[in-house]
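Everything below concerns the one structure shown next.
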Amino acid sequence: MNDLIIQLKKVNYRYNDLRVLEDIDLEVEKKEFLGIIGPNGSGKTTLLKIILGLIPPENGEVFLFQKPISKFKDWQKIGYVPQKATQFDKNFPITVEEVVSLGCLHTVDHKKIENALSIVEMGKFRKRRISDLSGGQQQRVFIAKALCSSPELLVLDEPTVGIDSNSQEKFYDILSHLNKDHSITILLVSHDIDVVVNEVGKLVCINKKLVYEGQPKEFIKKDYLEKLYGKGRKFIIHGH
Ligand code: ADP
């Protein structure tokens, strides 16, 4: 049990009368690459907000790095790439390097910035304005920003929305590299099931309740997809 990074026990949440999460139990171990999927409005973002301490659960328990979340202070261990990270004011004159430096917690550490940019292969763009990059390149810069605090856990919310398929492939290569070679635990929320099942090590599917937890390929074999998304949903496994 020593390497649990996230643990949720019977977590519930509601917005006024709307129950959004019901009795969610979830464990994420060190070095896991976990994908969370679910239909729109199924509670994925709410779940992330609870895990990141942005909202408290209605009841239930949340542990981060084996500490009750109320006592957890090591937030630098968690890198977060929010939804719509790349949707910012396009006229804002900020360079790649400056965006990444925002991820440094206390002092700007040029070595860390350099290192983070080199991991996402964006070093040579460091002096470019962020607005002059493609969506996929911007996404990589925001990963570099999250890497600046040397996180042990990287949390990404719908990271590939609006990014073309070539850039997506590159993006998942980088995540895989961070997971395998840098031992960073990854939690990825996405509605893009087709892609996610081919990339993650473990899959969790929520629809208010936890509907599935296990191997992505088992999820496809069974009829969970139909239960969640309705009949006739085509599915392709690319088989890596
Ligand atoms: P997902 O990320 O899976 O799309 P969300 O967690 O964003 O789902 O939302 C779950 C449900 O809670 C949806 O029905 C959504 O409309 C509702 N909801 C989300 N945020 C709020 C809020 N701040 N106030 C009221 N209802 C909300």
Side-chain angles (χ1 to χ4, degrees), residues 5-28 32-64 69-70 72 75 78-88 135 138-139 142-143 146 153-163 168 171-172 175 185-214 216 219-220 222-235:
I5 302 279
I6 300 170
Q7 189 177 25
L8 269 61
K9 291 184 185 172
K10 294 247 171 294
V11 162
N12 286 277
Y13 196 82
R14 63 189 153 101
Y15 295 104
N16 302 315
D17 291 339
L18 181 69
R19 163 133 332 274
V20 179
L21 296 174
E22 198 173 312
D23 287 341
I24 302 283
D25 287 317
L26 179 69
E27 290 187 348
V28 182
E32 232 166 19
F33 188 161
L34 178 79
I36 298 183
I37 60 164
N40 272 337
S42 59
K44 301 182 296 294
T45 302
T46 305
L47 184 68
L48 271 200
K49 283 184 181 166
I50 290 173
I51 291 171
L52 293 165
L54 300 172
I55 52 174
E58 179 191 349
N59 51 47
E61 291 176 282
V62 181
F63 297 86
L64 292 175
I69 195 165
S70 57
F72 182 75
W75 291 102
I78 304 178
Y80 175 45
V81 182
Q83 211 172 12
K84 301 180 186 140
T86 58
Q87 290 171 22
F88 49 85
Q138 288 175 356
Q139 189 56 267
F142 281 92
I143 295 173
L153 167 68
L154 193 59
V155 178
L156 306 107
D157 191 4
E158 300 281 9
T160 53
V161 170
I163 288 172
Q168 270 192 33
F171 168 83
Y172 282 107
L175 289 192
T185 309
I186 297 182
L187 178 61
L188 173 81
V189 167
S190 179
H191 65 267
D192 194 351
I193 323 166
D194 305 67
V195 177
V196 165
V197 293
N198 289 299
E199 305 292 342
V200 301
K202 183 173 139 187
L203 189 70
V204 157
C205 180
I206 63 163
N207 200 356
K208 190 163 76 176
K209 293 182 177 190
L210 196 132
V211 179
Y212 179 84
E213 181 177 12
F219 175 81
I220 305 161
K222 305 217 169 104
D223 60 351
Y224 292 105
L225 266 178
E226 200 162 294
K227 275 190 201 146
L228 279 168
Y229 295 89
K231 272 195 195 309
R233 191 172 186 303
K234 290 268 188 304
F235 207 85

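Side chains included, hydrogens not; waters and symmetry mates left out as well; all remaining heavy atoms used. Both counts, for ligands and for their atoms, begin at 1 and track the order of listing.
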* Asked: Which atom pair, heavy atoms only, marks the closest approach of Ile163 to Gln168?
  -> O-NE2, 3.3 Å
* To do: Would you verify that at least one protein heavy atom lies under 4.0 Å from atom 24 (N) of ligand 1, or report that none does?
  => yes
* Asked: Are any of the side-chain heavy atoms of Glu27 and Glu32 separated by less than 4.5 Å?
  -> no
* Asked: Does the protein put a heavy atom under 4.0 Å from atom 19 (C) of ligand 1?
  -> yes
* For the residue pair Lys208 and Ile24, what are the closest heavy atoms and their distance? -> O-CD1, 3.4 Å
* Structure fact -> When every non-hydrogen atom of Arg19 is compared with those of Tyr13, the smallest separation belongs to NH1-O, 3.3 Å
* To do: Determine, stepwise, if the pair Ile143 / Phe171 fulfils side-chain contact (heavy atoms from CB on, under 4.5 Å).
  => CA-CA 9 Å; Ile143 295 173; Phe171 168 83; 3.3 Å; yes
* To do: Go through ligand 1 atom by atom and flag the ones less than 4.0 Å from a non-hydrogen atom of Ser42.
  => 1 (P), 3 (O), 8 (O)
* Asked: Looking only at N/O atoms, are Asn40 and ligand 1 under 3.5 Å apart anywhere?
  -> no
* Taking atom 8 (O) of ligand 1 as the reference point, the nearest protein heavy atom with its distance -> Gly43 N, 3.1 Å
* Any N or O of Val20 that comes nearer than 3.5 Å to an N or O of ligand 1? -> no
* Just let me know how Leu18 lines up against ligand 1, side chain, backbone, both or neither, with a heavy-atom cut-off below 4.0 Å. => side chain
* For atom 6 (O) of ligand 1, find the nearest protein heavy atom and state the residue, atom name and distance (0.1 Å precision). => Thr46 OG1, 2.5 Å
* To do: Specify the closest pair of heavy atoms between Lys202 and Pro216, including all atoms of both residues, with the distance to one decimal.
  => CA-CD, 4.3 Å
* For Pro39, take its heavy atoms, then give the atoms of ligand 1 lying under 4.0 Å from any of them. => 3 (O)
* Identify, for atom 27 (C) of ligand 1, the protein heavy atom at the shortest distance, and state residue, atom and that distance. => Tyr15 CD1, 3.3 Å
* Asked: To which protein heavy atom is atom 4 (O) of ligand 1 closest, and what is the distance rounded to 0.1 Å?
  -> Gly41 N, 2.8 Å
* Could you find the nearest protein heavy atom to atom 7 (O) of ligand 1 and give me its residue, atom name and distance? => Thr45 CB, 3.6 Å
* Going by heavy atoms in the side chains, are Leu47 and Leu8 under 4.5 Å from each other? -> yes
* Under the side-chain contact (heavy atoms from CB on, under 4.5 Å) criterion, do Ile206 and Leu21 qualify, and how do the steps go? -> CA-CA 9 Å; Ile206 63 163; Leu21 296 174; 4.0 Å; yes
* To do: With heavy atoms of Lys44 as the reference, note each atom of ligand 1 found under 4.0 Å away.
  => 1 (P), 2 (O), 3 (O), 4 (O), 6 (O), 8 (O)
